[in-house]
Structure formats: C-alpha cells, structure tokens
Amino acid sequence: MPYRKYGICLLSILLCLLAFYTSGVGNVIDHIKSINIPLIILLLLFLTVNLFVVSYRFWLILSDFGINIPWVIAAKANIAGHVASLFTISLFGQILGRQLLLKKFGVPASIIASLLAYERMVMAAVALLLCVMGAIYLLGINAVTNFISQTSIFEIFFIVIISTIFSFCIGKSKFERKLFSKLFKTNNIINVLKVTLISFLGQFIILLVYVLVINQMHQGINFYVLFCSAAIISFSAALPISINGWGVREVTSIYVLGISGVDPANAVAASIIVGICSTIAIAIAYPFALKREEIKTIDEDKHCYGDSVFLSRPEIDLEKLCIWFLTMSVATGIFFQAHVPLFEQIININLADPFAILALSVLVLHSLQNKTWPKWKIDKFNFYLTAFFSFLLISFINGFINIGLSQWALTGRVFGWFVLMGYLSSGYLMAATFGVFGRRRLFETLVCTSFIVIVVQLCLRVVQDLGVELDAHITPNFQGYSGNRNAFAFQLLICFILFVSYHRTYLNKLGGNIKKTLCYYCIGGVLITGVYLSGSRAGYIVLLLLTISVLRLNSSAIYVLFKSYFMAFMIVILLLIIANIDLLMGYFSTTNSNVELELGMVNYFSERNAESSDTERLSGYVQAIKLWMSNPIFGAGLGVFFETSEKIFDYPVVVHNTFLWMLSEMGVLTVVIVMSITYKVFMHGWRSYKKKLASLVLLLLIISFAFFSLVHEIFYQRIFWFILGAVLAHSHMLKRNTFPLENKQIAFDNKI
C-alpha cells in the first residue's frame with residue numbers, strides 16, 4: 001500500500017535537499033547539462049537490456065515453480081510491475097502490475113507475491129555480496145567488519161536458521177516434510193544458481209551504467225575503484241528506506257565517490273542521471289507491455305502448471321506454499337529490528353515488514369478480484385478498522401492545521417497503520433488457508449524464535465563474562481533485537497500466552513517422555529527469564545496478571561506454570577553464579593570472615609532509572625489530559641503532543657499510555673471506537689475460551705494489551721496485530737481464484 005512511498009517520502013526529499021545543499025544546485029545542473037547525447041543513448045540501451053534481462057529472470061522463476069507461461073508474457077508482466085512501482089510502493093507496485101497481466105492465466109496474487117519475495121532475496125544477496133567486496137576494496141576489511149558487527153547480521157542469520165529448524169522439529173507436518181524433502185534436490189539448487197547468475201548479470205549492467213556516468217563526470221579514476229563505488233551506491237539505493245532510491249543514492253554518492261576525490265556536484269549529478277535514465281528506460285519499454293496477445297486454446301489435456309521439479313502441483317499446492325512462505329517469514333522476522341548506521345544516523349528496518357506488506361497486497365488484491373471482504377469472527381470488524389483509519393486521517397488533518405506536517409504522525413502513525421494491517425493480513429492468510437494447523441504453526445514459530453533469541457543473547461553475555469572478546473554488538477539492556485526492552489518484554493509476554501494456552505496439546509503429544517517434557521518446561525522458563533532480565537516493570541506486572549488469569553481460566557496449567565517458574569528460577573541462579581564466579585571463588589577460598597559478598601548480574605540485567613522514568617511518565621499524563629480538555633471531541637491533532645513535548649521535556653516524547661495518547665490527539669470519538677471493538681473482541685474470547693484454544697489466546701492477548709498499554713504506548717506493536725489476525729480469522733479455505741487454464745494449454749499469437 002502507499003505506506004512506503006509516502007511514509008518515507010520526507011526522508012527522500014530531505015536527503016535530496018541535503019545532497020543539493022552540499023553540492024550546490026547550480027553546480028549539479030551544470031554537470032547534468034555537460035552529459036553528451038551519445039552517452040545518454042548508450043545508458044538507455046544498457047538499462048533497456050537490463051530490463052529484459054530481469055524479465056527473463058522472472059520468466060525463469062515462473063518456470064522453476066511450474067508456471068509455464070511464454071517469455072513474452074512474463075516480460076510484459078515484469079515491465080508492468082516496474083511501471084506500477086513508479087507510482088506506489090515498489091513491492092505493491094510490482095505485485096499489482098504483474099497481477100494485472102497474469103490473473104487471466106490463473107496465477108493468484110499470493111503466488112506472485114511469494115515469487116517476488118524470493119526474487120528480491122536473491123537480488124539482495126547478490127547486491128550485498130558486491131557491496132561488501134567493494135567496501136573491503138575501498139575502506140579495508142576492518143571498517144567493513146566493524147559495520148557488520150553493529151548490524152548484528154550474522155547473529156540474526158544464525159537465529160533465523162536455528163529457530164526455523166527448531167520449529168520444524170517441534171511441529172513439522174506432512175505438508176512441510178514434503179516441502180523440505182524437495183527443497184534441497186539437485187535440480188532446485190541448479191535453478192537457484194541460474195537465478196543468481198542472471199541477477200549478477202543484471203547487477204553488473206547497472207554498475208556499468210554507474211561507471212560510465214561517473215567516468216564522464218570525473219575522468220582518471222581507476223576502473224576497479226569506480227566499480228566498487230558503484231556497488232556500494234547501488235546497494236544503498238536498493239534499501240527500503242526511500243522512494244525508488246532517491247535521496248539515499250545521492251547522499252551515498254557524495255560520501256563514497258568523495259573517497260576517490262570526486263566533488264559533491266559531480267557525484268550528485270551522476271546519481272540523478274542514473275535515476276532519470278532508469279525511469280525513461282521503463283517508460284520506453286511500457287508500450288511493449290501494453291500490446292495485447294491473442295489467446296487460443298489448442299489442447300484440453302494439458303495445463304499451464306507444468307511438472308516442476310521443485311513443486312509438482314498434484315503433491316503440493318503452489319498457492320498454499322506461497323501463503324505458508326509469506327506468513328512464516330513474518331513469524332520469524334518479526335523479532336528483528338535491524339539498526340543500520342547510515343550517514344551518522346540509525347535507520348531501523350524490521351525484517352518482517354516487507355513480507356507483511358506483501359501479505360497485505362495479497363489480501364487486498366484477493367478481495368478486489370473476488371469482490372468480498374475478509375471474513376472475521378467478529379461482526380463488523382472490517383467496519384471498525386475502516387472507522388478507526390478514518391478518524392486517524394481526520395486527526396492527521398487536524399494536526400496538520402495546528403502544527404504543520406509532522407513526520408512522526410505521517411510516517412509512524414498514518415502510514416504505519418498500513419504496516420499493522422500487513423501483520424493482521426499475515427495472520428489472517430495463514431489461519432484462513434490452513435485452519436487450526438496453520439494457526440498452531442505460526443504460534444510454534446513465534447515461541448521457538450523468541451526462545452532462540454533469548455538463548456543466543458544469554459550465551460553472548462556468558463561468553464563475554466568469561467573473558468572472551470566478541471565482535472557481537474551487545475546492548476546495555478536485555479532487549480533482544482527489538483531495539484527497546486519494553487517492546488521485547490511485550491513480545492515475550494505474547495509468546496508466553498501462546499506457550500501456556502497450548503500446553504495440553506504438546507504435553508499430550510510428548511506422551512510422558514521425560515527428556516522432551518523437561519525441554520518443554522525449559523522453553524517456558526526461558527521466556528519468563530527473558531521478561532525478568534528485560535527489567536520492564538510493566539512486563540513483571542502483566543506477567544503476574546497473566547499467571548493469575550491462566551490459573552483462573554485454565555486450572556490444568558498450574559503444573560506447567562509451576563515448573564516453568566521453577567526452571568526460570570534455576571536459570572537466574574545459574575546466571576548469577578556465572579556472573580560472579582571470580583567473586584565466589586575468592587569468597588570461599590579466603591579465611592577472612594569479614595569479606596563481604598556482593599552479587600550482581602550487570603551484564604545480563606537491563607539498566608533502569610525508575611525515578612526519572614516515572615517523573616516523565618506522570619508529567620506526560622498531565623500534559624495529555626490538558627491537551628484533551630482543550631479539544632475533547634476530535635483531539636488536538638495527530639502528532640501535536642509529540643511535536644510540542646520538546647518544549648516541556650527538552651526532547652520529544654510520546655504519551656506512555658495508549659488510552660491517553662488517543663484521547664489527547666484523536667479525541668473521545670476515536671476512543672469510543674477502540675473501546676467498542678476491544679469489548680467485542682474480549683467478549684468473543686470470554687464466551688468460547690473453554691472450548692477453543694484460539695479464544696483463550698485472544699482473551700489473554702486482550703488482557704496483556706489492556707494492562708501493558710496503561711504505562712506504555714503499544715498500539716503499534718506488530719506482534720499484537722499478527723496474533724489478532726490469526727485468532728480472529730475464520731478457519732476456512734480462502735476462496736480460490738479460478739484456474740481457467742488448469743486443464744488447457746495456451747497458444748499465443750505474438751504480433752511483435
């Protein structure tokens with residue numbers, strides 16, 4: 001949806017202005033005018049060739065997955081996707097453009113979205129490899145190693161792999177066993193290598209375009225230096241933090257090319273020329289995509305879905321696989337908020353966001369194509385979501401009138417809403433397609449990933465305590481990879497809810513096996529330990545309330561809770577011993593009885609400053625109430641408190657209470673909408689929690705959200721919406737798109 005395009009619009013504009021300010025607008029324009037026409041023609045030729053190279057890659061991916069569509073149709077769909085991405089977020093535009101052409105061949109949006117995710121992952125791997133190699137050549141291996149250690153990329157990659165294997169071992173199904181049995185076959189590896197090689201070719205063409213332009217602007221630079229610089233610039237422009245690379249590409253060019261002595265004006269001019277030529281090349285190829293083909297049926301016994309080595313359609317449904325891939329990627333990546341240092345700023349990228357946006361695109365296109373709304377267990381749930389968004393827009397307009405454009409309100413709240421809808425859609429797709437099994441697999445993956453995150457973080461701190469120097473980036477607070485200890489505590493509380501709610505299912509499955517049962521209790525103990533080490537007081541209180549609620553709602557969980565808490569106690573004691581091993585050894589070996597023993601877990605426990613935090617929170621409450629009283633119906637406007645808080649606190653803060661935030665900035669009508677749907681969801685869970693585990697999860701989810709939000713603003717926590725979508729979705733198979741070509745072979749009368 002428009003979230004990325006407009007949500008990060010301000011960043012692109014600001015970076016472009018920064019680039020022009022640094023280099024001078026007049027100088028940039030003069031350098032652009034100096035480019036000769038033959039070079040422009042050559043650049044357009046290379047970019048057009050690259051467009052058809054990536055179209056061939058798309059056709060090859062389709063073929064690898066058993067979708068036998070002629071190359072010319074795949075090329076048209078790919079070009080249409082590039083055109084659509086110029087007017088909206090790149091991911092959604094690619095899906096929309098490709099879907100418009102391929103839907104007549106029975107290819108659902110879910111398949112297009114998943115294949116796009118696969119394609120982008122290969123492209124990212126290729127671009128990252130070339131970027132790292134270029135950075136090593138230009139900056140040296142030490143600089144690259146320090147940068148990578150700050151992003152925790154190796155830790156995240158390791159955790160994703162281990163948690164996926166762990167989840168598969170716990171709850172693998174026939175569907176997944178069949179999938180993984182085919183995944184690592186020789187032909188599949190060869191297919192991935194083919195796509196990778198074509199991606200290298202496409203990337204090489206793009207880098208060559210950069211080299212030609214930069215060489216024209218500033219001659220005399222070594223070819224290898226230019227190529228390595230282009231690799232870094234190209235990768236930075238591909239990061240999902242700007243509109244089609246604008247702004248980031250220009251600022252990166254100034255920094256990277258400045259190392260080689262290129263002045264800022266030349267660097268900005270070169271990057272602008274590449275961006276403009278790329279757009280023109282797409283425009284030139286667009287008429288090709290508009291040309292229609294005649295379709296003739298020539299054989300009733302064959303179909304467009306061939307027998308792929310990777311997926312044979314009779315064995316594994318491709319649409320199911322694609323939905324499984326998208327939603328499981330969200331469940332695994334939701335815990336990782338990557339912090340990328342860029343131009344002395346920290347850019348936050350959640351690894352699950354692209355997959356969530358793809359899931360939202362799938363659900364939107366599916367609803368439009370079938371002319372139906374998503375089906376929820378709560379009546380008028382779609383109406384409530386639409387009503388809240390309407391009030392959100394009204395509040396944004398109100399805030400714009402009062403204080404002008406607020407980037408926090410636009411990016412973080414208005415367009416952040418579309419990201420939340422992506423997570424809601426992800427949970428919905430899995431539950432609606434796979435039913436009870438799909439919901440359970442999502443929950444297993446979340447619990448397993450959170451467990452591995454805590455274990456890895458503890459191991460890193462233990463190794464550090466033992467005196468081993470690590471390149472890993474260990475944060476002062478125990479916050480996993482979420483960037484905030486309270487957010488991490490909330491994530492763990494949600495996983496604790498899933499763990500406790502489904503305890504009977506797994507204990508029955510383990511069948512009394514002592515070792516496996518002990519491991520199961522260990523998972524619960526680690527989750528509780530993670531909440532304790534986070535240092536979140538809200539986490540402690542909500543954990544206690546959840547424990548009491550579980551005992552009240554499901555008395556059979558008393559043994560699981562007792563043993564999990566006991567495991568957590570033992571883990572904390574073990575950590576206490578490890579953290580103070582030298583002190584303990586000295587204490588027991590000394591004969592001086594006056595030696596005092598002071599134990600602590602500095603390297604494990606989060607830092608806290610409760611007094612200043614409480615003062616800030618209470619002052620914020622008072623200011624929020626005053627703000628609401630001045631505008632009781634519609635509120636003061638979205639972003640008003642955040643933008644004006646700097647005058648009071650010397651730095652911008654948010655209202656640490658979801659209810660007061662909505663009341664002060666969005667007014668009482670919005671609060672009524674939210675309270676109404678919250679009540680309906682709670683009552684739905686209350687009426688059926690004894691019969692359905694999903695309802696028990698829903699009930700505990702609302703309890704944790706309600707109490708945690710009293711002292712923190714957590715309305716925009718991704719994991720809450722992800723679980724909400726999974727438990728509220730009707731467990732029915734999504735209405736399948738008709739496959740008109742399933743029993744037909746199609747011939748195309750190409751008139752090109």
Side-chain angles (χ1 to χ4, degrees), residues 154-185 188-189 310 315-316 320-321 323-336 351-352 355 426-427 430-431 433-459 480-481 491-492 494-530 560 563-564 567-568 571 693 697 719 722-723 726:
F154 290 127
E155 298 170 42
I156 293 174
F157 180 77
F158 173 78
I159 293 173
V160 168
I161 297 298
I162 297 300
S163 59
T164 301
I165 296 173
F166 187 34
S167 174
F168 180 72
C169 293
I170 287 180
K172 59 178 179 279
S173 64
K174 292 181 179 179
F175 173 82
E176 290 170 316
R177 284 196 296 267
K178 193 180 297 182
L179 171 63
F180 281 98
S181 66
K182 290 178 172 288
L183 187 61
F184 297 104
K185 285 188 174 182
N188 297 330
I189 297 175
F310 185 80
E315 297 183 22
I316 299 179
K320 280 188 175 182
L321 167 69
I323 292 175
W324 178 90
F325 169 71
L326 286 178
T327 53
M328 294 297 278
S329 298
V330 172
T332 305
I334 199 170
F335 294 95
F336 303 105
L351 299 189
F355 298 101
S426 300
M430 190 65 157
T433 304
F434 292 92
V436 176
F437 156 73
R439 188 182 296 116
R440 180 175 59 81
R441 285 298 292 132
L442 278 188
F443 296 166
E444 288 171 351
T445 303
L446 287 168
V447 172
C448 290
T449 305
S450 61
F451 171 78
I452 298 298
V453 167
I454 298 172
V455 170
V456 170
Q457 284 289 303
L458 288 178
C459 289
Y481 300 90
Q491 290 176 342
L492 297 184
I494 300 301
C495 292
F496 177 76
I497 291 173
L498 304 178
F499 168 82
V500 175
S501 299
Y502 281 79
H503 74 278
R504 282 189 294 185
T505 301
Y506 292 100
L507 290 179
N508 292 335
K509 184 178 179 180
L510 295 176
N513 186 299
I514 298 178
K515 292 183 179 179
K516 293 182 179 179
T517 304
L518 185 63
C519 291
Y520 181 76
Y521 294 137
C522 184
I523 293 176
V526 168
L527 292 176
I528 295 172
T529 303
V560 174
K563 294 178 181 179
S564 297
M567 292 295 297
I571 293 172
L693 293 179
V697 170
I719 194 170
F722 187 44
I723 300 298

Task: Interatomic spacing from CD1 in Ile165 to CD1 in Ile452 - rounded to 0.5 Å - done: 9.5 Å
Open item on the list: To the nearest 0.5 Å, what is the distance between CZ on Phe437 and CD on Glu444?
Closed with: 8.0 Å
Open item on the list: Looking at every non-hydrogen atom in both residues, tell me the closest pair between Phe158 and Val456 and how far apart they are.
Closed with: CE2-CG2, 4.1 Å
May I have the list of side-chain donor-acceptor pairs in residues 494-501 shorter than 3.5 Å, sequence neighbours left out?
residue, atom, partner, partner atom, Å
Ser501, OG, Ile497, O, 2.7

Open item on the list: Rounded to the nearest 0.5 Å, what separates atom CZ in Phe166 from atom SG in Cys448?
Closed with: 4.5 Å
Open item on the list: So which atom in Ile719 and which in Gln491 form the shortest heavy-atom distance, rounded to 0.1 Å?
Closed with: CD1-O, 4.0 Å
Task: Donor + acceptor pair across side chains of Thr332, Thr449 (<3.5 Å) - done: no
Open item on the list: Ring-plane angle category for Tyr502 and Phe443, please: parallel below 30°, perpendicular beyond 60°, tilted otherwise.
Closed with: perpendicular
Open item on the list: Do Leu518 and Met567 have side chains that approach each other closer than 4.5 Å (heavy atoms only, starting at C-beta)?
Closed with: yes
Task: Straight-line distance of Leu351 CG to Ser329 OG, nearest 0.5 Å - done: 10.5 Å
Open item on the list: So which atom in Val453 and which in Gly480 form the shortest heavy-atom distance, rounded to 0.1 Å?
Closed with: CG1-CA, 4.0 Å
- [ ] Using atom types as modelled and distance alone, determine if a side-chain donor or acceptor of Thr433 lies under 3.5 Å from a backbone N or O of Met430.
- [x] no
TODO: Please test Arg441 against Ser167 for side-chain hydrogen bond (donor to acceptor under 3.5 Å, both in side chains), starting from the C-alpha separation and ending with a verdict.
DONE: CA-CA 8 Å; Arg441 285 298 292 132; Ser167 174; 3.1 Å; yes
TODO: State the OG-CE distance between Ser426 and Met328, to the nearest 0.5 angstrom.
DONE: 12.5 Å
TODO: Taking Arg439 for its side chain and Ala431 for its backbone only, find out whether a donor-acceptor pair lies under 3.5 Å.
DONE: no
- [ ] Not counting sequence neighbours, which residues clear side chain to side chain contact (heavy atoms under 4.5 Å, CB included) with Val455? List them please.
- [x] Phe451, Cys459, Val526
TODO: To the nearest 0.5 angstrom, please state how far the CZ atom of Phe434 sits from the OG1 atom of Thr327.
DONE: 7.0 Å
Task: Closest approach of Ala331 to Leu446 (non-hydrogen atoms, all atoms of both residues) - done: O-CD2, 3.4 Å
- [ ] Examine Phe336 together with Tyr481 and report whether their ring centres are nearer than 6.0 Å.
- [x] yes
Task: Any donor-acceptor pair under 3.5 Å from Ser163 side chain to Ile159 backbone - done: yes
Open item on the list: Give me the atom names and distance for the closest heavy-atom approach of Ser450 to Leu527.
Closed with: OG-CD2, 3.4 Å
